[in-house]
A.B. asks: 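Input: one structure, supplied below.
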Amino acid sequence: MKNYFNIQYPIFHRVGIVLLFSLAFSVTNLMAQDETGTTEVVKVKPVKNTFGSTLVMNNQTVMVPIKGTLQFDIQHCFGTVNNGSKDLFGLFAPSNIRLGLGYTLINNLTLGLGITKERMQMDLNAKYALLRQTDGKMPVSLTYYGNIVIDTRAASNFRYDAHRLSYFNQLLIARKITSKFSAQVAPSFSWFNNIDGYVDSKGDIQKKMNNGHFAVSVLGRYKISENSAIIAGYDQPLTSHPTNNPHPNICFGIETTTSAHAFQVFVGNYYGIVPQSNNMFNRNDYTAGNFLIGFNITRLWNY
Amino acid sequence: MKMKSLIMVVFAGLIAFSFTTNLRDGGKPWPVPDAAKNKKNPVAKSAESVEAGKALWSKHCKACHGAKGLGDGSKAAQLETEPGNFTKAEFQAQTDGAIFYKTSEGRDDMPSFKKKIADAEDIWNLVNYIRTLKK
């Protein structure tokens, strides 16, 4: 574990830990109040529409659709804007696409699968809402998201089949602060069974990166009308690797939702779409202007 | 040539008329069971309820029924059934229970919202907002 917190970003690490402890303490405190409170039973309903969709740009949100909802995701990232008009700011450059399906089997649990163009990855994912924010009782919503990803490229790319696998686990903590503004913080852990290596000057094989990687994501939504919002996010790597340290991600965009759709158009640094690919391998440096345009479309059906 | 033009005009007129006929069909009676019609609205018409209803209206209803309930939403022209004018006394004469029933169950182009808006209280909020559309 120590390896993964070889703190390259001490401020973010400390802020993250303080924030997590504060949230945990506030929840414990409220539960204690419940035990000693009045006996009057008031039905408290969860806060609704913390976010407009289960996705905000490159990250999951705490939202889990209602039971019986089938969700179809189309996620798209174009190339970086650096070539300017030569490739129309990345719109004509090679792009990355994910198509995903998710179904909410029971209340609070969605199971899904998807395919992503980059490295021909196939993902199986699960999302479970552990806590829901309620007025005056539960200050935050808490949701778990995890996946298993299979790299389906030709066998010649792998020594063992197990090397195809990677995993992602994330805790999403969000609060609808006002009717217009919601914020989310989400620590995550990514794991790749196989990581590239190199031969050092002594002839020994060394890993370019650790297999595991901690990161934290922060994002927010501000509604500018009933159905439209400004969205922004920041992803900070926490683990320091021997080489090839990934870059953080800054992203912002607009979102509009309808009865059955959510549309998001955004600018950011992440290209991978699959969360562990983004967190481990982001080579787009915002200080060098490596931004790209992306969009998400989600369609919901209720059965 | 004149005859050809005349035939085209008549043909175009017939097509236009057929659309008009479809729209009129949309005004067919929508029977509501007595139990549903007489169901009492359990949610008081508070500002909070109307605001919640307005948000739901904007997300789920506005595209067909229009911002003010005139039936002139951006998708209204694509519908085979007329979305109705909710500002009129005729529509507003219905009971809260009848509006709740129609919103929940749906019919033809009007989707059922009982799964999409799973919390009945939210549909009552919507009913409370629809009441504010009356002119």
Side-chain angles (χ1 to χ4, degrees), chain A residues 42-54 63-72 102-110 129 132-136 141 176 178-182 221-229 255-264 298-303, chain B residues 42-44 46-69 71-79 81 83 86 102-130 132-133:
Chain A
V42 179
K43 196 178 177 188
V44 183
K45 291 196 172 181
V47 168
K48 289 169 187 157
N49 301 320
T50 303
F51 291 98
S53 171
T54 59
M63 303 296 288
V64 175
I66 57 173
K67 182 185 167 186
T69 302
L70 178 69
Q71 176 169 324
F72 179 46
Y103 186 71
T104 310
L105 274 177
I106 55 171
N107 281 331
N108 301 328
L109 175 68
T110 294
R132 294 251 173 120
Q133 182 188 342
T134 52
D135 284 332
S141 295
K176 190 173 185 178
T178 70
S179 60
K180 289 187 173 179
F181 180 61
S182 302
R221 176 188 74 149
Y222 185 79
K223 287 176 77 173
I224 52 175
S225 72
E226 285 292 353
N227 297 327
S228 298
E255 173 188 67
T256 186
T257 54
T258 71
S259 186
H261 295 87
F263 304 93
Q264 296 166 359
T298 58
R299 171 73 164 98
L300 304 173
W301 292 273
N302 294 90
Y303 296 103
Chain B
V43 179
S46 63
E48 196 184 10
S49 168
V50 170
E51 193 185 326
K54 188 182 178 187
L56 291 164
W57 173 271
S58 186
K59 187 171 184 180
H60 298 290
C61 318
K62 197 168 101 174
C64 294
H65 293 287
K68 294 177 180 174
D72 59 350
S74 55
K75 283 164 74 178
Q78 299 162 26
L79 303 175
T81 48
F86 290 4
K102 290 177 179 180
T103 308
S104 299
E105 300 301 321
R107 183 190 70 164
D108 299 336
D109 280 335
M110 168 71 187
S112 160
F113 281 96
K114 66 185 169 196
K115 286 182 180 168
K116 195 164 283 188
I117 307 176
D119 189 345
E121 188 182 318
D122 277 336
I123 300 183
W124 289 116
N125 287 333
L126 198 48
V127 171
N128 286 341
Y129 175 71
I130 289 170
T132 70
L133 300 172

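As the structure is a computational prediction, the values presented were derived from the model and not from experiment. Sequence lines set the chain letters: A, B, ... in the order given, protein chains first and strands last, and positions in each chain run from 1.
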A.B. asks: Any non-hydrogen side-chain atom of B:K62 less than 4.5 Å from a side-chain atom of A:E226?
C.D. replies: no
A.B. asks: What are the two closest non-hydrogen atoms of B:D119 and A:K48, and how far apart are they?
C.D. replies: OD2-NZ, 3.3 Å
A.B. asks: Around atom NZ of A:K180, are there more than 12 heavy atoms from other residues, nucleotides or ligands closer than 6.0 Å?
C.D. replies: no
A.B. asks: Need one label for A:K45: side chain, backbone, both or neither, based on atoms under 4.5 Å from any heavy atom in chain B.
C.D. replies: side chain
A.B. asks: Contact part of B:A63 toward chain A, heavy-atom cut-off under 4.5 Å: side chain, backbone, both or neither?
C.D. replies: neither
A.B. asks: Looking at every heavy atom in both A:I66 and B:A118, which two are closest together, and how far apart are they?
C.D. replies: CD1-CB, 3.9 Å
